[in-house]
J.: 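Take this structure first; my questions come after.
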Amino acid sequence: MGKKPSQTLSQKVWDDHVVRHGHGQPDLLYIDLHLVHEVTSPQAFDGLRLGSRRVRRPDLTIATEDHNIPTANIDRPIADPVSLTQVNTLRSNCAEFGIRLFSMGQRNNGIVHVIGPELGLTQPGMTVVCGDSHTSTHGAFGALAFGIGTSEVEHVLATQTLPQPPQETMSITITGELPAGSTAKDVVLAVLGEVGTGGGIGAIAEFRGPVIEALSMEGRMTVCNMAIEFGAKAGLIAPDATTFDYLRDRPHAPSGPEWDAAVEAWSRLRTDDDAVFDREVVIDGSTITPHVTWGTNPGQVIRLGDTIPGPDDFDDPAEKDAAARALEYMGFAAGTPINDIAVDTVFIGSCTNSRIEDLRAAAAVAVGRRVADGVRTLVVPGSGLVKEQAEREGLHDVFVAAGFDWREPGCSMCLAMNPDKLAVGERAASTSNRNFEGRQGRGGRTHLVSPAVAAATAIAGHFATPEDLA
Amino acid sequence: MRAVRIVQGTAVPLDRSDVDTDQIIPSDWLKRVERTGFEKGLFSEWRDEPSFVLNREEYAGANILLAGPNFGTGSSREHAVWAIQQYGFEAVISSRFGPIFKNNATKNGLVPVEVGADIAQRLLEAVATDPSIELTIDVQRRTLEVPALGVDTTFPLDESVVERFLEGLDDIGITLRSADAIDDFESRRPAWLPSTPAG
C-alpha cells in the first residue's frame with residue numbers, strides 16, 4: 001500500500017466535505033453551518049419561493065440581525081423605513097422556513113461572526129459559509145469558512161452544498177515573538193502591507209508559526225477575519241489546546257464521550273510536516289510594531305511613528321496612481337508624520353475587533369484617562385453576550401468615565417448601514433477591516449488600527465500608541 | 001440565468017485601480033429587498049461628477065465595462081454585479097478581479113474577462129481616445145478580440161462556468177441531480193456536529 005500523499009490543513013477539511021468529486025467540474029462540498037443575516041438573504045429566499053423549494057437543513061442554518069440595526073435606543077422601532085423593511089423581511093423569512101433567528105435586543109444577538117464562535121457553533125474541521133466576506137473569521141478554529149454571494153446563499157439554503165473549484169494553498173508564517181504592545185490586528189495589517197490586496201487571490205491561506213500559536217482565539221479570529229482583504233478564499237489556523245479550551249462548555253460544543261471523540265478528530269487537523277504549499281510568505285514577528293492604514297485600501301499601511309508615503313515611494317504604475325488618489329481622498333500630503341494627524345471619531349467594534357479581549361485592551365488604555373475634546377467615540381460590543389460580560393467586568397464604567405459612548409451590539413460604523421456614520425471629510429481611527437472610500441459614510445476617511453491604538457488615539461486626539469500617552 | 005454566448009459592442013474606460021464593491025454600490029443601496037433597480041446605485045458616489053466617465057455622452061450605450069486592476073475587491077455583496085448588469089453592461093474586463101465578485105458575476109451571466117495587465121492598459125488608453133472601438137467577447141472560445149488594436153487574446157473561465165453561460169443553466173437544478181449523494185453524505189456526518197432546530 002502506498003503512503004497517503006501529504007496534505008495541508010485546508011486540503012484535509014476540503015476532502016472531508018466532498019459530496020461528489022468534480023471530474024472536470026468543481027467538487028460539490030457539504031456545508032456544516034450556514035449563517036444568514038438581513039442584507040444578503042432577502043433575494044435568496046425570494047428565489048426559493050419562485051422555485052417552490054424549501055430550506056434543506058434549517059437546523060444547520062442560523063440567522064441574526066446585525067448590519068442594519070441601530071446601536072442606541074433599540075427599545076424603539078427602527079427609524080429608517082428601508083432598514084426596518086429589511087429586518088422585518090428576515091424575520092418573516094425565518095418564520096416561514098423554520099430558521100432560528102437571533103433578533104435585535106436578544107442576548108444571543110450580535111454580529112454574525114461573533115455569535116457563531118461564542119455559541120460553540122463554529123468548530124474545527126467544519127465548513128462554514130455566510131453571505132458576508134468576513135466569514136473567513138471562523139477559520140480561526142481550523143474550519144474552512146468563506147464568504148458567498150446571494151445566489152450561493154440560495155444554493156446552500158436549497159441543497160446544503162456548494163460547488164467549488166479547486167484553490168491553491170498559501171502558507172503565511174509569522175516567526176519569532178511579537179514586540180510588547182503589538183496585537184493580532186498589527187499582525188494582519190503587516191501581512192496586508194507585505195502581500196497587498198491581491199496577494200491571496202485564488203488561494204486558501206493558513207496562518208502558522210509561533211506568533212500565531214501564541215495568539216488567543218480572539219486574536220486568531222482577528223487575523224483570519226482579514227484574510228479576504230488580501231483576496232484569499234479563506235484563512236485558517238490549525239486547532240490546538242487554545243482552540244479546545246475556548247470551545248469546551250460552550251452551548252453547542254460536544255460534551256461527554258462526544259467531546260473526547262471530537263477532540264481526537266480535531267487533533268488530526270494539521271498540515272502534514274512534508275506537505276508543500278503553492279505559495280509561502282514568511283514574516284519576522286519581532287519586527288511587527290503597531291500599524292495603521294493611511295490610504296483607501298487595507299494594503300496601504302504603515303507603522304505608527306512613520307510618515308505618510310507618496311506616489312514616488314512606489315514603483316508599480318497602478319500603485320503610484322492609487323497612492324496619488326488615496327492622498328487626495330484622505331486629505332493630507334505625503335511626508336506628514338501619521339502621529340500628527342488628528343481624528344474626529346474613534347470606532348471600536350466590528351467583526352474584526354469587538355470581542356471581550358478587544359474591549360479589555362481598549363479599556364486598559366482608557367482607564368483613568370479622558371477622551372480628547374471634540375473626539376466622538378463609539379464602543380460597540382460584538383454581541384449581547386460580549387456586552388453582558390464587559391458590563392460584569394465593569395469595562396463599560398471605564399469607558400463611560402473616560403468619555404466613550406457605550407453602545408448596543410451590531411456592525412455599526414464598520415459599514416455605516418445604520419445611523420452610525422462619518423460625515424463628509426470626517427476622519428476616523430477604526431478597529432474595523434476596510435478603509436475604502438465612503439465605507440464609513442460618504443466622504444468619510446478611515447484609518448484601520450488595533451483596539452489599543454484606537455483607544456490611545458481617542459485620548460490623544462491624534463494617532464498614538466498607548467506608550468505615546470503621557 | 002439567461003444564456004450568454006457572444007458579447008459584442010463598445011466599452012467604457014474606468015481607469016482606476018482597486019475599485020472595491022463599496023464603490024461599485026455603496027452600502028445604503030444594500031437595504032433593499034428587491035432584486036432590481038440597482039442601476040441607479042452604480043458608482044453613485046462618483047456619478048454626481050459631470051466629468052465621470054459614465055456621464056460622458058460618447059460612452060452612452062456601451063455594454064462592456066473596462067476596469068483597472070483589482071476590480072470588485074471587498075464585500076461579498078452580489079448587488080455589485082446586479083448594479084453593473086442592470087445598468088446595461090454584459091461583461092467586465094480587468095487584469096485582476098476580487099474573487100467573490102468574479103464568482104458572483106458567473107452566477108448571473110455577467111462575463112468576467114481577465115486579461116494581462118499590459119493588454120488591459122492598452123485597451124484603457126485606446127478606448128479613452130476612441131470610444132467607438134468595437135470589442136468582441138466569445139464565451140465558448142474564451143477570447144477577447146479587438147480588431148482595431150490587433151488584440152486577439154484568451155481569458156480564463158472554468159469549463160463548468162462556460163457550460164452554464166452557454167446553456168443559461170440554474171446551478172441549484174444541477175446540484176439537485178446529486179440529491180442521493182447529498183443524502184448519503186449526510187448520513188455519515190459525525191454525531192457531535194452542532195445543529196440548531198428552530199425554536
Side-chain angles (χ1 to χ4, degrees), chain A residues 19-20 24-26 28 30 32 39-40 42-43 46 58-60 62 68 82-83 85-86 89 98-100 120-121 123 131-133 147-152 154-155 158-161 163 165 197-198 201 231 233 252 254 258 261-262 265 297 318 321-322 415-417 434 436-439 442, chain B residues 15-18 20 22-23 26-28 30-35 45 68-70 73-79 81-82 96-101 103-104 107-108 117 121 158-161 170-176 178-179 181-182 184-186 189-199:
Chain A
V19 169
R20 190 201 62 216
Q25 301 280 325
L28 188 65
Y30 196 82
D32 291 319
V39 177
T40 53
Q43 295 87 357
D46 265 351
D59 59 325
L60 304 186
I62 60 160
N68 266 286
V82 194
S83 291
T85 299
Q86 196 165 60
T89 302
I99 294 167
R100 171 99 52 104
L121 287 165
Q123 297 173 13
D132 188 285
S133 57
I148 57 178
T150 297
S151 295
E152 290 174 307
E154 183 182 339
H155 192 282
T159 70
Q160 205 58 34
T161 64
T197 52
I201 290 180
K233 172 88 184 173
H252 289 278
E258 285 192 338
N297 74 58
D321 178 51
L415 83 169
M417 281 190 77
R434 291 193 172 130
F436 297 156
E437 287 183 27
R439 171 79 177 181
R442 187 169 189 170
Chain B
D15 193 3
R16 311 179 181 216
S17 69
D18 295 282
D20 54 73
D22 275 83
Q23 290 167 61
S27 63
D28 265 351
L30 272 50
K31 297 179 184 179
R32 305 175 74 253
V33 296
E34 299 83 7
R35 198 161 185 149
E45 308 222 342
N70 275 346
T73 53
S75 151
S76 67
R77 58 190 72 170
E78 200 158 313
H79 314 66
V81 170
W82 302 335
R96 193 154 69 178
F97 289 102
I100 305 180
F101 174 85
N103 195 39
N104 285 340
K107 306 292 179 192
N108 289 274
Q121 194 51 40
D158 284 347
E159 190 60 45
S160 61
V161 174
D170 168 1
D171 247 359
I172 296 177
I174 297 173
T175 295
L176 287 176
S178 301
I182 301 172
D184 181 53
F185 184 94
E186 259 173 355
R189 296 175 74 235
W192 68 73
L193 286 169
S195 67
T196 57

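Order of the sequence lines fixes the chain letters, A, B, ..., with proteins taken first and strands second; residue numbering starts at 1 for each chain. These numbers come from the heavy atoms of this one structure, side chains and all, not from hydrogens, waters or symmetry mates.
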J.: Tell me which of these, A/P254, A/S133, A/P42, has more heavy-atom pairs under 4.5 Å with chain B than the rest.
T.: A/S133
J.: If we define contacts as heavy-atom pairs under 4.5 Å, which of A/G198, A/G98, A/A318, A/P165 has the most with chain B?
T.: A/G198
J.: Between chain A and each of B/A181, B/S75, B/P26, B/P99, count heavy-atom pairs under 4.5 Å; write down the option with the most.
T.: B/S75
J.: If I measure from the heavy atoms of chain B, does A/T150 come under 4.5 Å with its side chain, its backbone, both, or neither?
T.: both
J.: Between A/Q86 and B/R32, what is the shortest heavy-atom contact and its length?
T.: NE2-O, 3.4 Å
J.: Side chain, backbone, both or neither: which part of B/E45 has a heavy atom under 4.5 Å from chain A?
T.: both
J.: Using a cut-off of under 4.5 Å for heavy-atom pairs, which of A/E154, A/K233, A/Q123, A/R434 has the most such pairs with chain B?
T.: A/R434
J.: Sub-3.5 Å donor-acceptor pair from the side chain of B/K31 to the main-chain atoms of A/M417, do we have one?
T.: yes
J.: When heavy-atom pairs shorter than 4.5 Å are enumerated against chain B, which of A/G149, A/A158, A/G147, A/P58 gives the highest number?
T.: A/G149
J.: Is there a donor-acceptor contact under 3.5 Å from the side chain of B/E78 to the main chain of A/G131?
T.: no
J.: Given the options B/D18, B/L193, B/N108, which has more heavy-atom pairs under 4.5 Å with chain A than any of the others?
T.: B/D18
J.: Quick check on B/P69 against chain A: is it the side chain, the backbone, both or neither that has a heavy atom closer than 4.5 Å?
T.: side chain
J.: Apply side chain to side chain contact (heavy atoms under 4.5 Å, CB included) to residues A/N297 and B/T73 and explain how you reach the verdict.
T.: CA-CA 10 Å; A/N297 74 58; B/T73 53; over 6 Å; no
J.: Side chains of B/D171 and A/S151: any donor to acceptor distance under 3.5 Å?
T.: no
J.: So which of B/A117, B/G173, B/G74, B/G98 has the biggest tally of heavy-atom pairs under 4.5 Å with chain A?
T.: B/G74
J.: Please flag which part of A/R20 lies under 4.5 Å from any non-hydrogen atom of chain B: side chain, backbone, both or neither.
T.: side chain
J.: Which atoms of B/R96 are under 4.5 Å from chain A, going by heavy atoms: the side chain, the backbone, both sets, or neither?
T.: side chain
J.: Just how far is it from atom OG of B/S195 to atom CG of A/L121, taken to the nearest 0.5 Å?
T.: 9.0 Å
J.: Tell me, side chain or backbone of B/Q121 under 4.5 Å from chain A's heavy atoms, or both, or neither?
T.: neither
J.: In Å, rounded to the nearest 0.5 Å, how long is the span from OG1 of A/T161 to CD of B/E186?
T.: 9.5 Å
J.: Among B/A191, B/A179, B/P190, single out the residue with the greatest number of heavy-atom pairs under 4.5 Å to chain A.
T.: B/A191
J.: Ignoring hydrogens, what is the shortest heavy-atom contact between A/E258 and B/W192? Give both atom names and the distance.
T.: OE1-CA, 3.9 Å
J.: Taking every heavy-atom pair that is under 4.5 Å apart, which of B/D158, B/D15, B/N103, B/V81 has the most such pairs with chain A?
T.: B/N103
J.: So which part of B/R16 gets closer than 4.5 Å to some heavy atom of chain A, the side chain, the backbone, both or neither?
T.: both
J.: What part of B/D184 gets closer than 4.5 Å to chain A, counting heavy atoms only: side chain, backbone, both or neither?
T.: neither
J.: Which heavy atom in A/Q25 sits nearest to a heavy atom in B/S160, and how many Å separate them?
T.: OE1-CB, 3.0 Å
J.: Over all heavy atoms of both residues, which pair between A/L28 and B/S178 is shortest? Give the atoms and the distance, please.
T.: CD2-CB, 4.2 Å
J.: Work out which heavy atom in B/V33 is nearest to a heavy atom in A/D46; give both atom names and the distance.
T.: O-OD2, 4.1 Å
J.: Give, for atom CG of B/D20 and atom OG1 of A/T197, the distance between the pair rounded to the nearest 0.5 Å.
T.: 9.5 Å
J.: Could you go through A/E152 and B/N104, starting from their C-alpha distance and side-chain angles, then the distance that decides it, and tell me whether this counts as side chain to side chain contact (heavy atoms under 4.5 Å, CB included)?
T.: CA-CA 8 Å; A/E152 290 174 307; B/N104 285 340; 4.2 Å; yes
J.: Given a strict heavy-atom distance threshold of 4.5 Å, which part of B/F97 is in contact with chain A: side chain, backbone, both, or neither?
T.: backbone
J.: Quick check on the interface: out of A/D321, A/T40, A/D132, A/I99, who has the most heavy-atom pairs with chain B under 4.5 Å?
T.: A/D132
J.: Looking only at heavy atoms, what is the nearest atom pair of B/R189 and A/L60, with distance?
T.: NH1-CD1, 3.7 Å
J.: Quick one: do the A/R100 and B/T196 side chains pair a donor with an acceptor below 3.5 Å?
T.: no
J.: Just give me the residue among B/N70, B/I174, B/I100, B/L176 that pairs up with chain A most often, heavy atom to heavy atom, under 4.5 Å.
T.: B/I100
J.: Non-hydrogen atoms of chain A under 4.5 Å away: do they reach the side chain of B/I172, the backbone, both or neither?
T.: both
